[in-house]
Amino acid sequence: MRKPFVAGNWKMNMDAHAGVELAKAIAAGSVNIAGGQVDVALIPPFVYLQAVASAVTASHVAVGAQDVYFQEKGAFTGEISPAMLKDVGCAYVLCGHSERRHVIGEDDAIVNKKVHAAINGGLLPILCVGELQSEREAGQTEAVVSTQVKKGLAGLDGERAAAVTIAYEPVWAIGTGLTATPQQAQDVHAFIRELVAKLYDAELAGAMRVQYGGSVNAANSGELLGQPDIDGALVGGASLKAQEFLGIIKSAV
Ligand code: PEP
């Protein structure tokens, strides 16, 4: 049985004070809701990682980073290594979020290097995949997602791939208020799981968590997370409000 996993991607939002207050509210509120039945992670900007990690110490809430560089150390101005993320208390890291792919211009090869670097550094990658609106309209959703999953996991044996969570996030649903219907999302999640079974085996596919992301909120999360192959949510905007995010966690129990 897969344990649900709800993660809040704060993107480039919050300040130090508001971030700590939000983290404390979520740590306190989720004890009674989830009580260990749901994995919860907060993914603040790099500069607030340490403060947020301190704020959730002694709770079951984990901390993740929004990105990582694939080199261990050296002359890479502005980049952050896996060891640095571990050092400030990160357990998870997003790899290939759609804003990194489509705003910053990261390709599948870079995303794959980041997935490898994360695992080598003892972090748990959340590999984000998803199609553009034009790709969905052209009937290319499965082809796009398949390529991103295959290239994202390339070179990982089964043991290392088991560290990965996949987040299916249709790009047209991120930050737009548009959400995939529960059936649309379930269909792609089932497709991803079958793909993982083909790439590895049924056991790994059955154990791998696949989160849905794209305008998830407390009102729509129940139906989405109720789908058999949806194992939680990667949440952007709604993760900035404690009650909204706690509502999503509640619907994952
Ligand atoms: C995200 O940032 O991964 C995301 C899904 O954002 P939103 O929930 O705001 O659509």
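The figures here come from the full heavy-atom set of this structure, side chains too, leaving out hydrogens, waters and symmetry mates. Just so you know, ligand 1 is whichever comes first in the structure, and atom 1 is the first atom listed for that ligand.
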Next on the checklist: For Glu159, give me all partners under side chain to side chain contact (heavy atoms under 4.5 Å, CB included), at least two apart in sequence or on another chain.
Outcome noted: Asp157
Checklist entry - Do Asp108 and Arg101 sit within salt-bridge range, that is, some charged N less than 4.0 Å from a carboxylate O? => result yes
Checklist entry - Is the shortest distance from a Lys or Arg side-chain nitrogen in Asp231 or Arg193 to a carboxylate oxygen in the other one below 4.0 Å? => result yes
Checklist entry - Crowded around Glu223 CD? As in, over 12 foreign heavy atoms under 6.0 Å? => result no
Item to check | Partner residues of Lys24 under the side chain to side chain contact (heavy atoms under 4.5 Å, CB included) criterion, sequence neighbours left out | outcome: Val20, Glu21, Ala55
Check ligand 1 for close polar pairs with the protein: N or O on both sides, less than 3.5 Å.
unit_1   : atom_1 : unit_2 : atom_2 : d
ligand 1 : 2 (O)  : Asn9   : ND2    : 3.1
ligand 1 : 2 (O)  : Lys11  : NZ     : 2.9
ligand 1 : 2 (O)  : His97  : NE2    : 3.1
ligand 1 : 3 (O)  : His97  : NE2    : 2.8
ligand 1 : 3 (O)  : Glu169 : OE1    : 3.1
ligand 1 : 3 (O)  : Glu169 : OE2    : 2.6
ligand 1 : 6 (O)  : Lys11  : NZ     : 3.2
ligand 1 : 6 (O)  : Gly236 : N      : 3.4
ligand 1 : 8 (O)  : Ser215 : N      : 3.4
ligand 1 : 8 (O)  : Gly236 : N      : 2.8
ligand 1 : 9 (O)  : Gly237 : N      : 2.8
ligand 1 : 10 (O) : Gly175 : N      : 2.6
ligand 1 : 10 (O) : Ser215 : N      : 2.8

Checklist entry - How would you list all residue pairs meeting side chain to side chain donor-acceptor pair (under 3.5 Å) that involve residues 238-253, not counting sequence neighbours? => result Ser221-Ser251
